[in-house]
Amino acid sequence: MKTILPLLIICGLLSSCDCKDFDQISISERNIPDTVLNFEDVQIMVQAEAYNGCWGDLLIELRKNEDFTYSIKAFGTKSCCTCICPAVLVHLDTLINFKPTEKGTYFFRIWETPKNSIIDTMIVE
């Protein structure tokens with residue numbers, strides 16, 4: 001009991017702070033069509049997830065890097081002043097509307113984790 005009381009006091013003090021970290025999170029699933037027609041409206045499905053309940057405000061970003069080259073990353077805000085985070089998976093499912101304007105092969109670098117990425121392609125006819 002003597003060791004729990006100081007921990008509770010520390011947690012109480014830390015939980016009153018306004019501390020949040022914005023960081024990259026994992027992309028667990030994605031679905032990019034293999035072949036589409038030029039000027040066709042396409043939906044790209046992406047699911048992002050964070051490993052505990054201290055995460056919130058999840059978002060998914062599609063960024064054009066160069067012609068035919070894009071990156072997809074997921075981000076979230078983590079409360080850094082909470083001593084105990086609920087053991088729940090926080091996730092976001094989203095559909096990204098994409099409309100190619102040139103024929104060719106489009107490359108999407110999907111960041112599955114902040115350190116690992118894969119390349120997925122879409123052929124536009």
Side-chain angles (χ1 to χ4, degrees):
M1 182 70 170
K2 290 181 180 181
T3 58
I4 293 176
L5 186 57
L7 181 62
L8 291 174
I9 292 171
I10 291 171
C11 285
L13 291 173
L14 291 176
S15 64
S16 65
C17 71
D18 188 24
C19 174
K20 296 194 182 269
D21 285 333
F22 185 75
D23 208 353
Q24 190 174 342
I25 60 171
S26 299
I27 293 178
S28 56
E29 291 188 39
R30 87 272 183 230
N31 186 358
I32 297 175
D34 293 329
T35 306
V36 299
L37 297 175
N38 198 20
F39 295 106
E40 178 181 15
D41 289 321
V42 178
Q43 289 192 326
I44 298 171
M45 185 282 297
V46 180
Q47 183 179 66
E49 62 186 27
Y51 54 86
N52 66 44
C54 284
W55 288 91
D57 301 325
L58 305 185
L59 67 95
I60 295 171
E61 171 193 80
L62 171 69
R63 177 178 288 183
K64 184 175 182 177
N65 299 327
E66 298 175 11
D67 290 342
F68 300 101
T69 305
Y70 293 81
S71 66
I72 300 176
K73 291 182 179 181
F75 299 93
T77 303
K78 182 180 180 189
S79 175
C80 58
C81 7
T82 305
C83 288
I84 300 171
C85 296
V88 296
L89 189 64
V90 180
H91 65 91
L92 171 67
D93 295 327
T94 194
L95 291 173
I96 299 171
N97 294 315
F98 183 76
K99 189 172 191 173
T101 57
E102 293 184 59
K103 292 181 180 182
T105 302
Y106 288 70
F107 298 93
F108 296 87
R109 179 177 295 268
I110 297 109
W111 289 89
E112 292 182 321
T113 68
K115 295 182 180 183
N116 292 331
S117 65
I118 61 167
I119 302 290
D120 204 343
T121 59
M122 175 192 298
I123 297 171
V124 178
E125 299 177 336

K.L.:
Is the shortest side-chain heavy-atom distance between N116 and W111 below 4.5 Å?
P.N.:
no
K.L.:
Side-chain heavy atoms under 4.5 angstrom apart, residues restricted to Ile, Leu, Val, Met, Phe, Trp, Tyr: same cluster for V36 and M45?
P.N.:
no
K.L.:
Heavy atoms, side chains only, cut-off 4.5 Å: are I25 and L58 in contact?
P.N.:
yes
K.L.:
May I ask whether I118 and I60 are part of the same hydrophobic cluster, defined by side-chain heavy atoms of I, L, V, M, F, W, Y residues being less than 4.5 angstrom apart, directly or through others?
P.N.:
yes
K.L.:
S71 vs R109, test: side-chain hydrogen bond (donor to acceptor under 3.5 Å, both in side chains). Steps then yes/no.
P.N.:
CA-CA 5 Å; S71 66; R109 179 177 295 268; over 6 Å; no
K.L.:
Working to the nearest 0.5 angstrom, can you tell me the gap between H91 NE2 and W55 CH2?
P.N.:
16.0 Å
K.L.:
Do the non-hydrogen side-chain atoms of D120 and R30 ever get within less than 4.5 Å of each other?
P.N.:
yes
K.L.:
List the steps and the verdict of side-chain contact (heavy atoms from CB on, under 4.5 Å) for N97 and V42.
P.N.:
CA-CA 6 Å; N97 294 315; V42 178; over 6 Å; no
K.L.:
Within the side chain of Y106, is there an N or O that forms a donor-acceptor pair under 3.5 Å with the backbone of E102?
P.N.:
yes
K.L.:
Answer yes or no: is there a side-chain heavy-atom contact under 4.5 Å between N52 and V88?
P.N.:
no
K.L.:
Taking all non-hydrogen atoms of both residues, which atom of T113 and which atom of Q24 are closest, and how far apart?
P.N.:
O-NE2, 3.8 Å
K.L.:
Would you check, one step at a time, whether the test side-chain contact (heavy atoms from CB on, under 4.5 Å) holds for I32 with I110?
P.N.:
CA-CA 10 Å; I32 297 175; I110 297 109; 3.9 Å; yes
K.L.:
With a 4.5 Å limit on heavy-atom distance, are the side chains of K78 and Y51 in contact?
P.N.:
yes
K.L.:
Are I123 and F68 joined in one hydrophobic group, where the rule is that I, L, V, M, F, W and Y side chains link up if heavy atoms are under 4.5 Å apart?
P.N.:
no
K.L.:
Taking it one step at a time, do D41 and Q43 satisfy side-chain contact (heavy atoms from CB on, under 4.5 Å)?
P.N.:
CA-CA 7 Å; D41 289 321; Q43 289 192 326; over 6 Å; no
K.L.:
Do E40 and P100 have side chains that get closer than 4.5 Å, going by heavy atoms?
P.N.:
no
K.L.:
Looking at every non-hydrogen atom in both residues, tell me the closest pair between A74 and I27 and how far apart they are.
P.N.:
CB-CG1, 3.8 Å
K.L.:
Among D23, D57, L59, find the one that has a side chain to side chain contact (heavy atoms under 4.5 Å, CB included) with T77.
P.N.:
D57
K.L.:
Any idea which heavy atoms bring E61 and F75 closest together, and the distance?
P.N.:
OE1-CE1, 4.0 Å
K.L.:
Working note: Y70 + L62, criterion side-chain contact (heavy atoms from CB on, under 4.5 Å); need CA distance, chi angles, decisive distance, verdict.
P.N.:
CA-CA 7 Å; Y70 293 81; L62 171 69; 3.8 Å; yes
K.L.:
Any chance you could lay out the side-chain hydrogen bond (donor to acceptor under 3.5 Å, both in side chains) test for Q47 and S28, step after step, and finish with the verdict?
P.N.:
CA-CA 6 Å; Q47 183 179 66; S28 56; 3.1 Å; yes
K.L.:
If you define the side chain from C-beta out and look only at heavy atoms, does anything of I44 sit under 4.5 Å from L95?
P.N.:
no
K.L.:
Looking at E49 and L89, what are the two nearest heavy atoms and their distance?
P.N.:
OE1-CD2, 3.6 Å
K.L.:
Between F98 and F108, does the ring centroid distance fall short of 6.0 Å?
P.N.:
yes
K.L.:
Contact between K73 and R63 at the side-chain level, heavy atoms closer than 4.5 Å - yes or no?
P.N.:
no
K.L.:
Do you reckon F107 sits in the same ILVMFWY cluster as V46, going by side-chain contacts under 4.5 Å, direct or chained?
P.N.:
no
